[in-house]
Protein chains: 2
Amino acid sequence: MNGCFVELAIDIVGGKWKGIILYHLLDGPKRFNQLRRLIPTVTQRMLTLQLRELEEDGVISRIQYPEIPPHVEYQYTEFGKTLQPIIQHMQEWGKLYTEEYFADNQS
Amino acid sequence: MNGCFVELAIDIVGGKWKGIILYHLLDGPKRFNQLRRLIPTVTQRMLTLQLRELEEDGVISRIQYPEIPPHVEYQYTEFGKTLQPIIQHMQEWGKLYTEEYFADNQS
DNA sequence: CAGTATCCATACCGATACTG
DNA sequence: CAGTATCGGTATGGATACTG
């Protein structure tokens, strides 16, 4: 539909939190509260919801260690790893953009 | 904030329509109704709104030719062109993803 | 041709409180 | 530690009618 495939990637990566979550998973698995600390502005509720959606899309997997207290880790699936270059690409563009924005005062 | 720059790109490219619009502008300037035909599911209202936002973000420029009937064209700004590789990247990923999805029945 | 204006539904998201 | 549940506000998006 609409003659392009761009929307597929955007559906997965888009929204307010998914890109940020995926960015923080780039350097390895993370626990739930670890992600909360890395993304201070996300609420518990939204983090849960977004992680579930990423799981349903097959991008990340949830690994639950049967311990008390609970221990859960989130990490990329093999399929999800195919998205990593895009995340990194956007990260690098964002860095360049902010630098240019504040340096050249481009608006 | 949140320790990453990914969100900047997502703010610009994300949402339901912006990525698709930017994709269709890859191969040159387009007129308003031309974009409507290329994106059959977008409403006039949403196309207008999204084009305005892309304009405000400095990604595309609106060129109005003083004719009757009106003639308007949208195209990438120099700044916007720095986003093109990301759009293309997502497009290629999307193509691969759908092929794999339907071929391997990966789910 | 290229838009505005209005109305309305729902999706998204945050705050807060509670739980195995 | 890693969540759920509930409530409510705001943003997003669609349908339809109208316009310079």
Side-chain angles (χ1 to χ4, degrees), chain A residues 1-2 4 6-8 10-25 28-57 59-76, chain B residues 1-2 4 6-25 28-57 59-75:
Chain A
M1 183 62 70
N2 294 324
C4 82
V6 171
E7 35 192 336
L8 289 160
I10 291 178
D11 278 350
I12 292 183
V13 145
K16 198 167 171 183
W17 302 113
K18 288 180 186 172
I20 305 176
I21 294 170
L22 292 177
Y23 169 74
H24 285 297
L25 291 180
K30 297 279 180 298
R31 302 179 61 163
F32 186 82
N33 279 336
Q34 204 174 355
L35 286 171
R36 282 190 72 187
R37 281 188 296 275
L38 289 167
I39 314 172
T41 56
V42 77
T43 60
Q44 208 164 18
R45 169 191 151 84
M46 287 316 296
L47 184 55
T48 305
L49 288 174
Q50 302 304 302
L51 286 169
R52 291 289 170 279
E53 284 185 27
L54 288 170
E55 218 191 324
E56 276 168 32
D57 286 338
V59 176
I60 63 171
S61 59
R62 179 180 186 276
I63 303 190
Q64 184 166 356
Y65 299 90
E67 306 171 357
I68 305 281
H71 181 168
V72 174
E73 278 186 3
Y74 296 92
Q75 61 179 258
Y76 278 92
Chain B
M1 185 60 72
N2 293 328
C4 83
V6 170
E7 36 192 335
L8 288 160
I10 291 178
D11 279 350
I12 292 183
V13 145
K16 198 168 172 181
W17 303 113
K18 288 181 187 172
I20 304 176
I21 295 171
L22 291 177
Y23 169 73
H24 286 296
L25 291 179
K30 296 280 180 299
R31 300 180 63 162
F32 186 81
N33 280 336
Q34 204 174 355
L35 285 171
R36 280 189 74 187
R37 281 189 296 274
L38 289 167
I39 313 171
T41 55
V42 77
T43 60
Q44 208 164 18
R45 168 192 150 84
M46 287 316 297
L47 184 56
T48 306
L49 287 174
Q50 302 304 303
L51 286 169
R52 292 289 169 280
E53 284 185 27
L54 288 170
E55 217 190 325
E56 276 168 32
D57 285 339
V59 177
I60 63 171
S61 59
R62 179 182 186 273
I63 304 191
Q64 183 166 357
Y65 298 91
E67 307 170 358
I68 305 282
H71 181 167
V72 174
E73 277 186 5
Y74 296 92
Q75 60 179 256

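Atom pair A:H71:NE2 and D:dC1:P shows a separation of 11 Å (rounding to whole Å applied). Distance B:L49 CG to D:dG14 P: 11 Å, rounded to the nearest Å. Between the CG atom of B:D11 and the P atom of D:dT12 there is a distance of 10 Å, given to the nearest Å. Note: CH2 (A:W17) to P (C:dG14) measures 5 Å, nearest angstrom. One atom, CG of A:L47, and another, P of C:dA15, lie 14 Å apart when rounded to the nearest Å. Distance A:I21 CD1 to C:dC13 P: 11 Å, rounded to the nearest Å. What separates CD of B:E73 from P of C:dG3 is a distance of 12 Å, to the nearest Å. What separates CD of B:Q50 from P of D:dA11 is a distance of 15 Å, to the nearest Å.
The side chain of A:K16 contributes no N or O atom lying less than 4.0 Å from OP1 or OP2 of D:dA11. Distances shown here put a side-chain N or O of B:Y74 below 4.0 Å from the OP1 or OP2 atom of C:dG3.
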- Passes side chain to side chain contact (heavy atoms under 4.5 Å, CB included), A:L47 versus A:F32? Steps please. CA-CA 8 Å; A:L47 184 55; A:F32 186 82; 3.8 Å; yes

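Map A:Q44 and A:P70 each onto its nearest nucleotide of DNA chain C; the residue landing nearer the 5' end is A:Q44. Comparing B:G15 and A:R37, the nucleotide of DNA chain D nearest to each residue sits closer to the 5' end for A:R37. Map B:R52 and A:M46 each onto its nearest nucleotide of DNA chain C; the residue landing nearer the 5' end is B:R52.
In terms of heavy-atom proximity, A:I12 sits nearest to A:K18 at O-CD, 3.1 Å.
The closest side-chain donor-acceptor pair between B:R52 and B:Q50, if any, does not fall under 3.5 angstrom.
The partner of C:dA9, taking Watson-Crick or G-U wobble pairs whose two distances both stay under 3.5 Å, is D:dT12. With both pairing distances under 3.5 Å, D:dC18 is matched to C:dG3 as a Watson-Crick or G-U wobble pair.
Not counting sequence neighbours, the partners of A:N33 by the side chain to side chain contact (heavy atoms under 4.5 Å, CB included) test are A:R36, A:R37.
Contacts of B:T43 with the nucleic acid, taken as non-hydrogen atoms under 4.0 Å apart, involve only primed sugar atoms and P, OP1 or OP2.
Between the base of D:dG3 and the side chain of A:R45 there is no donor-acceptor pair shorter than 3.5 Å.
Across B:E73, B:K30, B:Q75, a single residue satisfies side-chain contact (heavy atoms from CB on, under 4.5 Å) together with B:L25, and that is B:K30.
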